[in-house]
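So the structure is just underneath, and the comments pick up after that.
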Protein chains: 2
Amino acid sequence: MGTTQLETVPEPKYWQLRTVLSEALDSEFTVGEILPNERELAARFGVARATLRQALEQLELEGRLQRRRGVGTTVAPPRVGVDVGSESGPHTWPGAPGDAWHAEEYAEGPAPAAVARTLGVAADAPVHAVLRSRTTGGQQVASEVLYVPTASVPSVPTGDGSEAARARTVLRELHRLPFGGQDRTVELGSARAEDARRLDRLPGAPVLIVTTRYLSDGGTAAVSVATYRADTCRLSFSDTDPVPVLAS
Amino acid sequence: MGTTQLETVPEPKYWQLRTVLSEALDSEFTVGEILPNERELAARFGVARATLRQALEQLELEGRLQRRRGVGTTVAPPRVGVDVGSESGPHTWPGAPGDAWHAEEYAEGPAPAAVARTLGVAADAPVHAVLRSRTTGGQQVASEVLYVPTASVPSVPTGDGSEAARARTVLRELHRLPFGGQDRTVELGSARAEDARRLDRLPGAPVLIVTTRYLSDGGTAAVSVATYRADTCRLSFSDTDPVPVLAS
DNA sequence: TAGTGGTCTAGACCACCCG
DNA sequence: GGGTGGTCTAGACCACTAA
């Protein structure tokens, strides 16, 4: 990464900088390597630190860099492919044997307005909320809340074991219903404070939000809202075998 | 939206601001309404313009706001659900009757390295590149490049009509192959200069990149890289009927 | 031409990690 | 305590849009 002169064209400096750095990452750095700190990089390219940071933010968004406060900026490994449901295999309920999630917490109460609407229940109707997390290679990549109306699964007696145990009870009861299909949407969002903490990110970090509607007997039996780290994850809807990594 | 005092808690100002503005959008603004300009908003909340802009960027990322240079900041409509192919329904080749894309340009030459790897061809092997675009309600929401190795479909004679015509020829030839399934990945990216222009965004704008691999006879017959505007789109992998809008 | 959002600067201080 | 990235400021100028 030389002290390449930035051209004086009508392209933003931070964008040129992004390109220069991107090429340097390809040719002169290896995964895990630490970059010079922001103040030095800014000086080397003759720009303000804020401008340099704009370029780094782009590269982090693209999954090329990883920045950690107090530590430094490192070259990120290629994004991990996260399977979010093979298309070929028959879909089934969440929490079925072999799925990648780990039930952790449980709560009961009214669902967020948008979720209640998707569930087709009143805004103040009580629902089960099962909180699950998903890890890949020791790294937490996603957290999920699964909403199940008490109309689908009756209430779980309080004091019935740990939260995780009650969460699993809800899932077990859900499996007794006839599975009627599902559909998914994927959109970009920013991590709320709680998700950010769970995913080891700062609030506002970009996330991919996967909303799954589970059907049974023509109605919506449950809704899951899963939040994936957008910087490190590539969602995979594989039909067959996993897609080979699109490394750079 | 009052001149709410920002609390002095260990939460970043821009994040508090995002929350305050988000609630104001819910309760005091309607879709399409123009917000006060950035300088005034910053003054009203007693923060620097850069800090205010950080909050607006978050809200734009979440699809709540739309900002246009020279015009102003407006309240965005709910994201449009864009169908990107049912997960379980019978898939088929791109360009089949009724698909949402419009072939526009054509080129032939070596593919980008990553695409060549996915295709399983040499990095310098010539491939067809068909450029297509997709619109919803008069708005362009995605642009796509479909790569087809000349091993799958022979070369198209030059001077054979317009570019769009040659693009359609490649698609037509592709349909003669036996369809062997497909798989998809979704990840976050930032719009390259050309995509940004086509999507009417600035370079670096967040996009959802959908990579589809089309199989035939056990091999990869084609690869499509589609770039969706992340601010306005919610990708829908419906199994059955479209998901109802998750309006706020 | 006036007004908007987009870019850029040069500085300051803070929160966090690690030796 | 020293070094890192994260936040914030107060300005300046630029690119674009629409009247």
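No hydrogens, no waters, no symmetry mates; every other heavy atom, side chains included, goes into these values. Proteins come first, then strands; the chains are lettered A, B, ... in the order of their sequence lines, and each starts at number 1.
With sequence neighbours excluded, no residue forms a side chain to side chain donor-acceptor pair (under 3.5 Å) with A/S27. Residues passing the side chain to side chain contact (heavy atoms under 4.5 Å, CB included) test with B/T74, sequence neighbours excluded: B/I34, B/Q66. With sequence neighbours excluded, no residue satisfies salt bridge (Lys or Arg N to Asp or Glu O under 4.0 Å) with A/R168. The side chain to side chain contact (heavy atoms under 4.5 Å, CB included) test applied to A/T232 returns A/R229, not counting sequence neighbours. Every residue meeting the side chain to side chain contact (heavy atoms under 4.5 Å, CB included) condition with A/A222, not counting sequence neighbours, appears here in chain and number order: A/L146, A/V148, A/L174, A/Y214. Here B/E105 pairs with B/R198 under the salt bridge (Lys or Arg N to Asp or Glu O under 4.0 Å) rule; sequence neighbours left out. Residues forming a side chain to side chain contact (heavy atoms under 4.5 Å, CB included) with A/V145 (at least two apart in sequence, or on another chain): A/A129, A/L131, A/Y147. With sequence neighbours excluded, the residues satisfying salt bridge (Lys or Arg N to Asp or Glu O under 4.0 Å) with A/E40 are A/R44. Residues passing the side chain to side chain donor-acceptor pair (under 3.5 Å) test with A/D99, sequence neighbours excluded: A/R132.
Only at 4.0 angstrom or more do the heavy atoms of residues 199-207 of chain B sit from any atom of DNA chain D, so none qualifies.
Ring orientation note: the planes of B/F237 and A/F237 are close to parallel, at an angle under 30° on the 30°/60° scale.
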Using a cutoff of under 3.5 Å, can you pull out all pairs of nitrogen or oxygen atoms linking the protein to nucleotides 9-13 of chain D, with atom names and distances?
| residue | atom | partner | partner atom | Å |
| --- | --- | --- | --- | --- |
| D/dT9 | OP1 | B/K13 | NZ | 3.0 |
| D/dT9 | OP2 | B/A48 | N | 2.8 |
| D/dT9 | OP2 | B/T51 | OG1 | 2.4 |

Are any protein N/O atoms closer than 3.5 Å to N/O atoms in nucleotides 15-19 of chain C? If there are, list each pair with its distance.
| residue | atom | partner | partner atom | Å |
| --- | --- | --- | --- | --- |
| C/dA15 | O4' | A/R69 | NH1 | 3.2 |

